[in-house]
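Side-chain atoms are counted along with the backbone in the values below, which use heavy atoms only and exclude waters and symmetry mates. First the proteins, then the strands, lettered A, B, ... as listed; each starts at 1.
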Amino acid sequence: MMVFSSDEPKFPTKKLFEKTTHLMHDGLNARAFGEFPKPEALGDARWTDDLILATWFMAETGEVPENFNYMTGKSGGGFDRLRFKFLAEEQWLEHGEHLDTRLDLNRRDDGRQQLTPDLPIYGGGMSYGSVSLNVMLSRARNSVKWNTYMSTGEGGYPEELYQYKENIITQVATGYFGVEERSIKASPIIEFKYAQGAKPGLGGHLLAAKSGGDVAKLRGSVPFVSLFSPFPFHSTYSVEDHMKHIDWVQTINPEALIAVKVSTPKDVDMVAVGSYYAGAHIIHLDGSYGGTGAAPEIAKKNIAMPIELAVPKVHKFLIKEGVRENVTLIASGGVRTADDVAKVIALGADGVVFGTSDLVAMGCTRCANCEGGPSGRGCPWGLTTTDVELQEWLQPDWAEKRLDNYYIAVQWRLRDIMRKLGLTHISELRGRTDLLRYVSGDES
Amino acid sequence: MVLSAELEHGSSAAESVASEVWGLSRGQARLRADTYQRYHIETVATEEVWKIPRRFNVKVGKFGLAKMIFKEFFQYFGHWETVFSRPCTYGVFSGPIGGFSPRPDLCVGCLRCEVQHPDFVTITPNGELRALGDKYMTYQHIYTIDQEAMRGTVPVRGQGYRGRFGGPGFDGMFTDMSEIIRPSRDGIHGRELIGTAVDIGAKPMHLEFDREGNITNPPTTFTIQLPFIFDAPPATLESDAIARIYAETAEQVDTLAILPATTVERLGLSGPNVVPIVTCTGCIVGAGTRMVELATWNHETYTHFAAQGYAVGVRLEMTGEWLSTLLEMQSAGVSIFHLLADHHGRSGDGRFLIETLKEAHMALVEKGVRDEVTLLGSGGIAGADNLPKGIISGLDAVGLDHVLLVALQARLSGDMQSRDAVTVQLPKKLDHAWAVQRLVNLSCSWRDQMLEILGAMGVREVRRLRGEFGRSMMCSELEADAFGEIEGFPGGGQ
């Protein structure tokens with residue numbers, strides 16, 4: 001919500017707002033169109049300068065760029081070493097809407113609603129506090145547009161989101177921040193977050209500086225106190241306990257689908273099967289290279305496995321257990337591009353969750369100062385901040401359009417991959433490792 | 001002492017024996033138990049005496065900036081806050097003349113200025129920083145160690161992992177986590193109850209008693225509170241100041257500082273937390289010493305010091321037939337082995353620590369003596385994540401070497417791989433108290449990061465992590481499982 005108030009000196013003046021947003025928007029546009037050399041300090045091995053600039057281009061235009069590599073990074077492994085074995089050009093299908101990218105989320109045949117987003121993608125949890133309300137609203141509106149969903153993350157369900165409730169997933173995480181019967185009743189999907197890929201087994205920590213008035217109120221806390229999400233659920237020590245959790249929310253909302261978000265430990269296959277038998281419709285694996293608002297560096301790199309390695313393991317185990325067709329397997333944590341989406345589906349997932357990609361589309365440079373940085377104010381781009389001035393730099397109308405454009409380009413590329421593989425439905429790609437090839441050395 | 005008197009009446013024979021073994025009266029033992037304090041490292045932020053190069057350079061075109069100010073002066077006339085607003089929340093342009101004299105030290109690389117003003121602002125990575133270190137201990141390691149030693153905290157940042165997928169050496173190992181198992185059901189996270197203490201020395205698997213009930217094979221272990229020790233500075237660095245710093249820090253955090261016996265004697269550093277490296281039976285070991293290390297295996301020297309009641313470790317370079325030597329030494333009674341790889345973690349045959357440590361660990365397991373001995377290991381430790389991985393690979397405690405010098409803002413150059421070959425340039429002003437605090441901070445940061453790893457696994461004490469290969473995952477093995485059927489994967493499908 002954009003507010004200009006004279007008695008709140010920290011809010012930007014209208015002129016300052018105009019100047020700053022104009023410069024930001026023009027700058028992002030100019031960079032996306034390659035009007036200036038690539039910023040030398042932009043990008044890293046996973047999100048290269050090309051990937052970031054390509055995402056900005058897609059967010060500006062709704063098209064994939066010709067001048068940037070929008071498909072792979074330079075991490076030297078995982079998605080970045082996988083390519084598709086496309087058919088000969090004369091066998092390619094026509095590009096068009098007949099190439100179906102929809103995803104069925106309920107495979108249990110349990111009489112509950114069927115939810116079918118237009119893309120095999122929904123929005124990952126980024127809590128109010130870790131991101132601004134404007135970011136949440138932008139993502140929510142884009143979810144409505146794409147008939148998909150967005151998770152609240154563990155920061156409660158802001159009142160402003162209720163107008164989009166058909167597309168909002170309520171997350172129940174270990175701190176139970178902001179979890180209310182009202183939000184559970186409102187949601188088509190309830191997501192239990194057991195762990196997060198970037199900091200598996202460590203819980204969460206919203207720094208005091210980001211837990212201001214509204215954020216604290218929604219979380220049932222006093223302002224400017226550090227808020228810890230413990231790890232794990234202190235009421236859950238077994239699959240039976242987990243099942244009781246599910247019983248609890250299903251009593252409140254019998255129609256809701258249940259998603260269980262877990263990390264990727266060594267026994268991730270067992271965890272997935274346990275979650276299925278406890279009643280999950282969606283098993284959401286969050287790989288170790290995923291995003292976060294704040295996490296110990298030691299955790300991001302070292303704990304648990306990357307998503308590319310977890311998905312095949314779980315997919316195969318679910319098949320072996322004879323339950324693969326009854327559950328939706330969602331992958332996140334390092335899924336950056338349309339090509340990554342298609343690759344992880346080929347490795348065995350049904351669909352993916354986007355988080356960082358959404359932020360990059362909205363202007364994120366991945367500078368890694370989300371948690372506050374030396375300024376203590378959070379993201380200077382207005383994304384991962386609740387600073388009263390900074391959060392104004394990102395307005396929902398502008399950001400929603402960027403997300404929409406980005407998703408248009410992602411869908412275009414997904415269809416492009418499908419047609420070149422001779423597939424008409426995205427689900428036909430699931431588990432088709434025979435359509436992938438692994439490249440080494442210079443080719444990667 | 002009242003406590004002591006009360007205990008006199010209720011004591012059992014076992015208590016008496018145990019107390020005597022550890023050199024405590026029953027009263028002292030009771031008192032120690034009653035005054036138990038949770039282990040804690042006190043950190044204090046330190047200043048930089050030899051600042052490492054900044055992360056970014058900031059270049060602002062003066063003409064472009066002047067042009068922009070001129071334009072905005074008229075465009076936003078009267079709205080001075082808007083005219084003078086700056087695209088940086090970190091203060092890079094907050095000096096008296098703003099962008100005309102930027103403060104690049106404050107730049108965090110958010111690039112907002114460069115995106116907003118692409119025509120005259122350029123942010124570039126600082127080549128001077130990137131030139132630090134070598135291919136193993138990279139500039140990122142050095143930057144991180146510097147931050148850890150400065151603040152004593154766990155490095156926390158936003159966004160996800162930014163590096164390569166897996167990688168060589170320790171990067172090729174991931175540690176496990178558990179979705180529901182905790183180290184403890186108490187506390188917010190359970191981390192606060194995780195033990196990082198390790199036992200050093202010979203541990204009998206069972207007690208033996210004589211006819212009078214006296215223990216005939218008392219344990220000779222002692223405990224340090226950290227699963228890492230300070231290994232001797234390289235021979236290329238002759239610095240009494242460093243020896244004093246290591247010794248005092250080891251005492252403060254309750255770990256071990258391994259130093260040449262001659263240095264220990266000359267500087268009067270002997271004490272329970274200092275381990276003199278002895279080369280012959282003639283070496284003098286000062287009062288309070290609990291443990292000595294033999295520079296190389298020598299049966300006579302070993303027997304000489306063992307007979308005096310010291311815990312005796314032997315330094316063993318992982319070259320040649322090192323594993324056979326290790327087993328021979330074990331047969332000869334040695335119970336503390338300090339394995340030495342080069343500073344890239346490689347043994348003489350080029351293998352990395354994960355493999356060689358596992359080999360040593362498993363050889364001792366096969367022999368049925370692993371729990372009776374202590375494995376220490378130095379070389380190749382460049383980051384906090386290397387600690388748990390070294391322990392998972394089989395070590396009881398990990399030796400820090402180059403890391404300590406980096407924490408003291410020394411500049412390392414030359415051959416950073418071979419042992420005792422590196423060129424070390426210390427800060428000109430190496431204040432003792434400052435330096436000790438830097439190492440204390442580093443110890444706290446690395447211990448806390450160890451707690452993060454253990455907490456994620458649900459492991460309650462670091463001792464239980466030793467040789468737990470099952471709580472790790474090797475990237476190469478996971479890749480073979482995941483990609484084995486895919487065409488082009490080495491050894492994989494067609």
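- Of the residues A:D80, A:I52, A:T48, the one that meets the side chain to side chain contact (heavy atoms under 4.5 Å, CB included) test with A:R336 is A:D80.
- Closest heavy-atom contact between A:L16 and A:W393: CG-CH2, 4.1 Å.
- Residue A:V262 touches chain B through both its backbone and its side chain, counting heavy-atom pairs closer than 4.5 Å.
- With a threshold of 4.5 angstrom between heavy atoms, B:D176 approaches chain A through its backbone and through its side chain.
- Neither the backbone nor the side chain of A:S130 comes within contact range of chain B; no heavy atom of the residue lies under 4.5 Å from a heavy atom of that chain.
- No part of A:K199 comes within reach of chain B, as not one of its non-hydrogen atoms sits under 4.5 angstrom from that chain.
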> B:R471 and B:E468: salt bridge (charged side-chain N to carboxylate O under 4.0 Å, His left out), yes or no, with the steps?
Replying inline: CA-CA 6 Å; B:R471 301 310 305 274; B:E468 274 278 6; 6.0 Å; no
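- Most heavy-atom pairs under 4.5 Å with chain B: of the set A:C367, A:S288, A:G43, this distinction falls to A:C367.
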>> Could you walk me through whether B:T138 and B:H141 satisfy the side-chain hydrogen bond (donor to acceptor under 3.5 Å, both in side chains) test, starting with their C-alpha distance in whole Å, then the side-chain angles of each, then the deciding distance to 0.1 Å, before giving a yes or no?
In response: CA-CA 5 Å; B:T138 65; B:H141 286 119; 3.2 Å; yes
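- Put simply, of A:H22, A:E308, A:K15, the one with the most heavy-atom pairs under 4.5 Å next to chain B is A:K15.
- Heavy-atom pairs under 4.5 Å with chain B were tallied for A:C370, A:G293, A:G290, A:S263; the largest tally goes to A:S263.
- With a 4.5 angstrom heavy-atom cutoff, A:A294 touches chain B via backbone and side-chain atoms both.
- Between the side chains of A:K300 and A:T292, no donor-acceptor pair is found at a separation under 3.5 Å.
- When the candidates A:T236, A:D26, A:L82, A:N302 are compared by the number of heavy-atom contacts under 4.5 Å with chain B, A:N302 comes out ahead.
- Options B:A384, B:G470, B:G458, B:C475 differ in how many heavy-atom pairs under 4.5 Å they form with chain A, and the most are formed by B:G470.
- The aromatic rings of A:W381 and A:W56 are tilted relative to each other, their planes meeting at an angle between 30° and 60°.
- For the set B:V154, B:V83, B:V108, the entry with the most heavy-atom pairs within less than 4.5 Å of chain A is B:V108.
- With a threshold of 4.5 angstrom between heavy atoms, A:C379 does not approach chain B through any atom at all.
- For A:A198, no part lies under 4.5 angstrom from a heavy atom of chain B.
- Note: B:R157 leads B:R157, B:E479, B:R164 in heavy-atom pairs under 4.5 Å with chain A.
- Of the two parts of A:K313, neither the backbone nor the side chain holds a non-hydrogen atom closer than 4.5 Å to a non-hydrogen atom of chain B.
- Both the backbone and the side chain of A:Y194 have a heavy atom closer than 4.5 Å to some heavy atom of chain B.
- Classification of the B:F84-B:W80 ring pair by plane angle, with boundaries at 30° and 60°, yields tilted.
- Looking at A:L347, the atoms closer than 4.5 Å to chain B (heavy atoms on both sides) all sit in the side chain, from C-beta outward.
- With chain B as the partner, the residue from A:E297, A:K266, A:E371 showing the most heavy-atom pairs under 4.5 Å is A:K266.
- Residue A:R31 touches chain B through its side chain alone, counting heavy-atom pairs closer than 4.5 Å.
- When each of B:G383, B:G109, B:G163, B:G91 is scored by its heavy-atom pairs under 4.5 Å with chain A, the top score falls to B:G163.
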> Would A:D434 and A:K85 satisfy salt bridge (charged side-chain N to carboxylate O under 4.0 Å, His left out), going step by step from the backbone distance to the final call?
Replying inline: CA-CA 8 Å; A:D434 59 309; A:K85 288 160 67 175; over 6 Å; no
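- If you measure heavy-atom distances from B:D119 to chain A, the contacts under 4.5 Å come from both the backbone and the side chain.
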>> Using side chain to side chain contact (heavy atoms under 4.5 Å, CB included), reason through B:S472 and B:K389 one step at a time and then give a plain yes or no.
In response: CA-CA 8 Å; B:S472 68; B:K389 292 176 179 178; over 6 Å; no
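- Contact of A:P312 with chain B is made through the side chain alone, with heavy-atom distances under 4.5 Å.
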> So B:R55 and B:N126, side chain to side chain contact (heavy atoms under 4.5 Å, CB included) or not? Walk me through it.
Replying inline: CA-CA 5 Å; B:R55 292 170 63 202; B:N126 185 4; 5.9 Å; no
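- In terms of heavy atoms, A:T356 sits closest to A:G291 at OG1-CA, 3.7 Å.
- If you measure heavy-atom distances from A:L435 to chain B, you find no contacts under 4.5 Å at all.
- Between B:A382 and B:V403 the shortest heavy-atom distance is CA-CG2, 4.0 Å.
- Side-chain atoms of A:L285 and A:I307, non-hydrogen and from C-beta on, do get closer than 4.5 Å to each other.
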>> Working note: B:R103 + B:D105, criterion salt bridge (charged side-chain N to carboxylate O under 4.0 Å, His left out); need CA distance, chi angles, decisive distance, verdict.
In response: CA-CA 5 Å; B:R103 299 169 165 180; B:D105 287 358; over 6 Å; no
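- Only the backbone of B:S178 has a heavy atom closer than 4.5 Å to any heavy atom of chain A.
- Contact detail for A:A272 and A:V314: the closest heavy-atom pair is CB-CG1, 3.6 Å.
- No other option in A:L309, A:L42, A:L28, A:T433 has as many heavy-atom pairs under 4.5 Å with chain B as A:L309.
- The most heavy-atom pairs under 4.5 Å with chain A, out of B:M457, B:M177, B:M473, come from B:M177.
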